[in-house]
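See below for the structure under consideration.
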Number of protein chains: 2
Amino acid sequence: MSQGHTDVTDQAETVDPACPVVEVLDRVAGKWAVGILVAAAKGPVRFTELERQVEGVSRRMLTLNLRKLEREGLLVRTVHPTVPPRVEYECTPMALELYETLLSLVSWAERHAVDIAHAHLVYDTEHAAPAESPERASRARVPATR
Amino acid sequence: MSQGHTDVTDQAETVDPACPVVEVLDRVAGKWAVGILVAAAKGPVRFTELERQVEGVSRRMLTLNLRKLEREGLLVRTVHPTVPPRVEYECTPMALELYETLLSLVSWAERHAVDIAHAHLVYDTEHAAPAESPERASRARVPATR
DNA sequence: CTGCATCCGCCCGGATACTG
DNA sequence: CAGTATCCGGGCGGATGCAG
């Protein structure tokens, strides 16, 4: 049991001395983690609720990410001892702060959405293009000859 | 050639209607992308230079991420037509803005470093613990009975 | 020096079935 | 309802070799 696939729930995380940003991103790296955070940011959410809202996530990955986020101290899991069982996940203050920070990323993305789209277009064009003008067929910028 | 493994260079990216954050993160998701950005933030960097600074990245992944970042319009590739060839990668203004934003993430990480570490400790303890006190061995918080 | 192509192992993550 | 366990395919990414 101590082997097999580790999934997102990597207990032994690889440290990256380069910079702490990587660490943060690695935590939220999960394709679903952010979605979960967003869904939970508005208030306590039930398991099935998440399964619907995040939508696209499998039960497995949902649970996995939930556990991970809980471990990170970003979510609090509350079990209501009722029948049928009722479990709610709630963002911690820390998570809400992170959420606010993520918003600045969104801001960045929105501000440069067109730039990025344009960049894609240019890159793809200059790249997929087999050959047009014999001169200047290379995709890279060349510095002023000096 | 038109098939096989797609790697990081996924041209056809999956759209996530949930929120734009995911998009941004997916762009920088590459374990190495951030490292590259950081290295390039200080100024134009050569290929081999990156290979050393990021350190841990294979030539393959480096190239792949470089291409991706270039496509995103975050890096500018400049080829100096000399011999031996000299290629430099430089952050675009847009990338530098992103870099600044990422710094706020670092700030968050630093502010809550201890909280996170503590959360890990608690979670791991309450979880790895096979059994100690017969009562209250469950890891979840239970809400006040009401 | 810079970069692409191929091979290939390994992990990620989806599907399914079963438990409390 | 809320998970856990198992199977298993796909692609992610390292290693290597070759080209400009």
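Just so you know, these numbers come straight off a predicted model, no measurement behind them. Numbers restart at 1 for each chain; the letters A, B, ... are given by sequence-line order, proteins then strands.
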To the side chain of B:Met61, which of D:dA2, D:dA5, D:dG14 is closest? D:dG14

Nearest-Å distance, OH (B:Tyr89) to P (C:dC1)? 15 Å

Considering only side-chain heavy atoms of A:Pro84, which listed nucleotide, D:dC1, D:dA2, D:dT6, is closest? D:dC1

A:Ile36 atom CD1 is separated from C:dG13 atom P, nearest whole Å, by 12 Å

Between atom NE2 in A:His80 and atom C1' in D:dC1, what is the gap in whole Å? 13 Å

Would you mind reading off the distance between A:Leu66 atom CG and D:dG3 atom P, rounded to a whole angstrom? 7 Å

Checking contacts here: which listed nucleotide (C:dG14, D:dG13, D:dA2) is nearest the side-chain heavy atoms of A:Ser58? C:dG14

side-chain N/O A:Thr63 vs D:dA2 OP1/OP2, d < 4.0 Å: no

May I ask you to say what B:Arg46 touches in the nucleic acid, namely base, sugar-phosphate or nothing, with a heavy-atom cut-off under 4.0 Å? sugar-phosphate

Distance-only check: which donor-acceptor pairs under 3.5 Å involve side-chain atoms of residues 33-48 of chain A, not counting sequence neighbours?
none

OP1 or OP2 of D:dT4 versus the side-chain N and O atoms of A:Arg67: is any pair under 4.0 Å? yes

Pick the nucleotide of DNA chain C nearest each of A:Val57 and A:Pro85; which residue has the one closer to the 5' end? A:Val57

Grab the NE2-P distance between A:His127 and C:dC4 for me, whole Å please. 7 Å

Less than 4.0 Å between a side-chain N and a carboxylate O, is that true for A:Glu70 and A:Lys68? no

Side-chain heavy atoms nearer than 4.5 Å, only ILVMFWY residues, links allowed to pass through others: does that put B:Leu121 and B:Tyr123 together? no

Out of D:dG3, C:dA5, C:dA15, minimum distance to the side chain of A:Arg59 belongs to D:dG3

Under 3.5 Å, which donor-acceptor pairs link side chains of residues 94-102 of chain B to any protein atom two or more places apart or in another chain?
from	atom 1	to	atom 2	distance (Å)
B:Glu97	OE1	A:Arg111	NH1	2.4
B:Glu97	OE1	A:His112	NE2	2.9
B:Thr101	OG1	B:Glu97	O	3.1

Roughly how many Å is it from CD in B:Glu51 to C1' in C:dC4, rounded to a whole number? 14 Å

B:Glu49 and B:Arg52 ion-paired at < 4.0 Å: yes

Spacing of B:Leu50 atom CG relative to C:dC1 atom P, expressed in whole Å: 14 Å

What is the separation between atom CZ on A:Arg60 and atom P on D:dT6, rounded to the nearest whole Å? 12 Å

